[in-house]
Structure formats: C-alpha cells, structure tokens
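Residue indices begin at 1 and follow the sequence shown.
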Amino acid sequence: MDFLKPARYFFLLSAVATLVSFALLMVPGPRLSLEFTGGTRLEVTVSPEVTQSSLDKVLRSFPGESLNPLVNKIGERRFLVRLRGIDDATHKQLEAHMKKALGTLTIDQYTTIGPTVGETLKIRAMEALLVASLGIILYLAFAFRKVPSRYSPWKFGVIAVATLLHDVMVTVGIFVILSHKTTFEVDTLFVTALLTILGYSVNDTIIVFDRIRDNLFAQERKQSFAEIANISVNQTWKRSCYTSGSTLIMLFALLFLGSASIHWFVLTLIIGILLGTYSSIFVATPLLVYWNKPAHRS
C-alpha cells in the first residue's frame, strides 16, 4: 500500500485544520477556568421551578458592585456560576440574597482564586508545553544520531515535534469550540491531557521513524528514501493502530462509565490519540520524505 501517494491531500487537510484551530485560539479564544483567570466559582442546587434565566437575574440584582455572572446548567436542578472574585463576607451576603429571592437553595461548591495565581498558572502551563517540545527535539536528535551520514538526525526531531504541535493545535481548536458550546473550560487538567498527548503521539511517530532508520541501513542505496519510508509505514501501521485501539477501548469505557470529573480529560485524550495515530502515518512520514528529497538527490 502506498501511503505517500495521497499525502498532498492529507497535508491540505492538516494545514487547513491547523490554521483554523490557530485562528480559533486567537478569536474567540478558549473559555478559561478560574485557575487561569481568577474569580469565584459556585455550584448551586436549586428548587425545580428555578430556571437559568431567573438565577441569572437574581445574581445581577445583587446590591453593590456587579458580579459579572455567567450561569450554565450542569444537571437536574444544578447550575455552575462564575463570578468576579468575591471574599467570604460577600459570599455569605450573596447566599442570603439568593435564598431570599429563590427559596430553597444549596451551594455545593464555592471556590475563589486570585488573578495573580491564575496568571502564574497560565505562564507555567505554557512553559510546560514549550519545555516538553524542546526536550522531545533534543531526545530524538540524540536517539537518531546514528542514521546514515547523508541524513540529518535533527530532521527526525523537528518533524516529530511539528507533527505533535499539529496534534495539539487541532485538539485545542476542537476544545475552543466546545468551550463556547458546552460547560467545558480550559483548566490545568486539560493542559495535563495535552502533555499526555505529546508523549503518546510521539510514541507512534518514533515507531515509524525507528523502522525507517533500520531500513536505511538494511537497504543502503538500493532504494530511494521515499520507497524505504513507505515500506516502513507498511511494516508498522498495524502495530500503531492496535496499540491506539487498545488504549481507546479503555478510554471510551472511562468516558461512558467513569466519573464526570474526568469526562473532559478523557475526551481530550481520545481526540489526541486519534489525531496522533493519523499524523504519524499520513503527516510525519511524508514530511520527512519531502524534507529529505534534496539530500537524497545529491
């Protein structure tokens, strides 16, 4: 099977998806959790007759400085409320105001995070992604240092990370949309999922690249780099699919049967693993072939 023949179509698909995801990251941008923005988060259980609009109206009628409330329904009679940062005294006043206006009401969770903490977490999250990417480039350049001298080991590392960034960016684009259509918010658990995707996706890519390296020594100059790369993908794609498939079975079980608190984390991993398997076969290897064409011809 020739995996390189349809590469241009997959390049176009991946390029469009990456650019659209990048645009979505800029505008409208993801809806960030309190961990990154600072503020107050309430989970409220109300009586059956209370609606989302009536709860929002009560919050906006709270005397004093505006709370800038954002209300989302998260279950039967349960609502998630995001506010500007309030202290304990204001929280007690707000609870009394809500009970007076709405009757029976329970605040199941109350969390306040300062803007300084949120900004620190945002910077640390970006640093984690950058350090992980740089570490992968350096490691792969070292791991593939023994490829035939006419091929640069740095190309293996750079292509692997470019593919990983594609996987992460498209995943982020999907969740930017979800953050504006559902209750999902970008939090530290989502960043953890992205770092997990980086590690898992590079595993699939390394499997293919490692077989390419072995075949380069075995075939020497009898075949072109493109032919060797295609042979290598044919030798490894089933292994990648079996590995990803077994992992996805577990993740889908967690998605449907696991706790709601890890729902978005698991969904992020599912999307990232699917993208990683696709990109290691249809994006990473063709990119490596195209980049090595001039070196091979010389």
So, [X] side chain and [Y] main chain: donor-acceptor pair closer than 3.5 Å or not?
| X | Y | result |
| --- | --- | --- |
| His180 | Gly29 | yes |
| Gln52 | Val71 | yes |
| Asn234 | Asn230 | yes |
| Thr40 | Ile86 | yes |
| Ser244 | Cys241 | no |
| Asp210 | Ile206 | no |
| Arg82 | Gly39 | no |
| Arg31 | Ser179 | yes |
| Ser259 | Ile262 | no |

Under 3.5 Å, is there a donor-acceptor pair linking the side chains of [X] and [Y]?
| X | Y | answer |
| --- | --- | --- |
| His97 | Ser61 | yes |
| Asp167 | Tyr278 | no |
| Ser53 | Asp56 | no |
| Ser240 | Thr243 | no |

task: Please lay out, stage by stage, how Thr18 and Ser21 fare under the test side-chain hydrogen bond (donor to acceptor under 3.5 Å, both in side chains).
output: CA-CA 5 Å; Thr18 303; Ser21 297; over 6 Å; no
If we only count heavy atoms from C-beta on, is the [X] to [Y] side-chain gap below 4.5 Å?
| X | Y | answer |
| --- | --- | --- |
| Val186 | Ser33 | no |
| Lys155 | Leu288 | yes |
| Arg78 | Asp108 | yes |
| Thr285 | Phe3 | no |

- prompt: Which distance, rounded to the nearest 0.5 Å, do you find between the OG1 of Thr182 and the CD1 of Ile177?
  reply: 11.0 Å
- request: Test side-chain hydrogen bond (donor to acceptor under 3.5 Å, both in side chains) on Ser280 and Thr205 and set out the steps.
  value: CA-CA 5 Å; Ser280 65; Thr205 304; 5.0 Å; no
- request: Please report the C-alpha distance between Phe11 and Phe282 in whole Å, then the side-chain angles of each, then the deciding distance to 0.1 Å, and finally whether the ring pair (Phe, Tyr, Trp, His ring centres under 6.0 Å) criterion is met.
  value: CA-CA 8 Å; Phe11 281 166; Phe282 296 107; over 10 Å; no
query: What about Phe175 and Phe184, are their ring centers closer than 6.0 Å?
result: yes
message: How close do Gly272 and Ser201 get, counting heavy atoms only, and between which atoms?
response: O-OG, 3.8 Å
message: Tell me the closest heavy-atom pair linking Leu67 and Leu59, and the distance in Å.
response: CD1-O, 3.8 Å
- request: Give the C-alpha distance, both sets of side-chain angles, the deciding distance and a yes or no for side-chain hydrogen bond (donor to acceptor under 3.5 Å, both in side chains) between Gln235 and Asn215.
  value: CA-CA 11 Å; Gln235 293 172 340; Asn215 287 335; 3.1 Å; yes
task: Inspect the surroundings of CZ in Arg77 and state if more than 12 heavy atoms from other residues, nucleotides or ligands are less than 6.0 Å away.
output: yes
message: Consider side-chain contact (heavy atoms from CB on, under 4.5 Å). Of Leu138, Leu130, Val131, which one does Leu134 pass it with?
response: Leu138
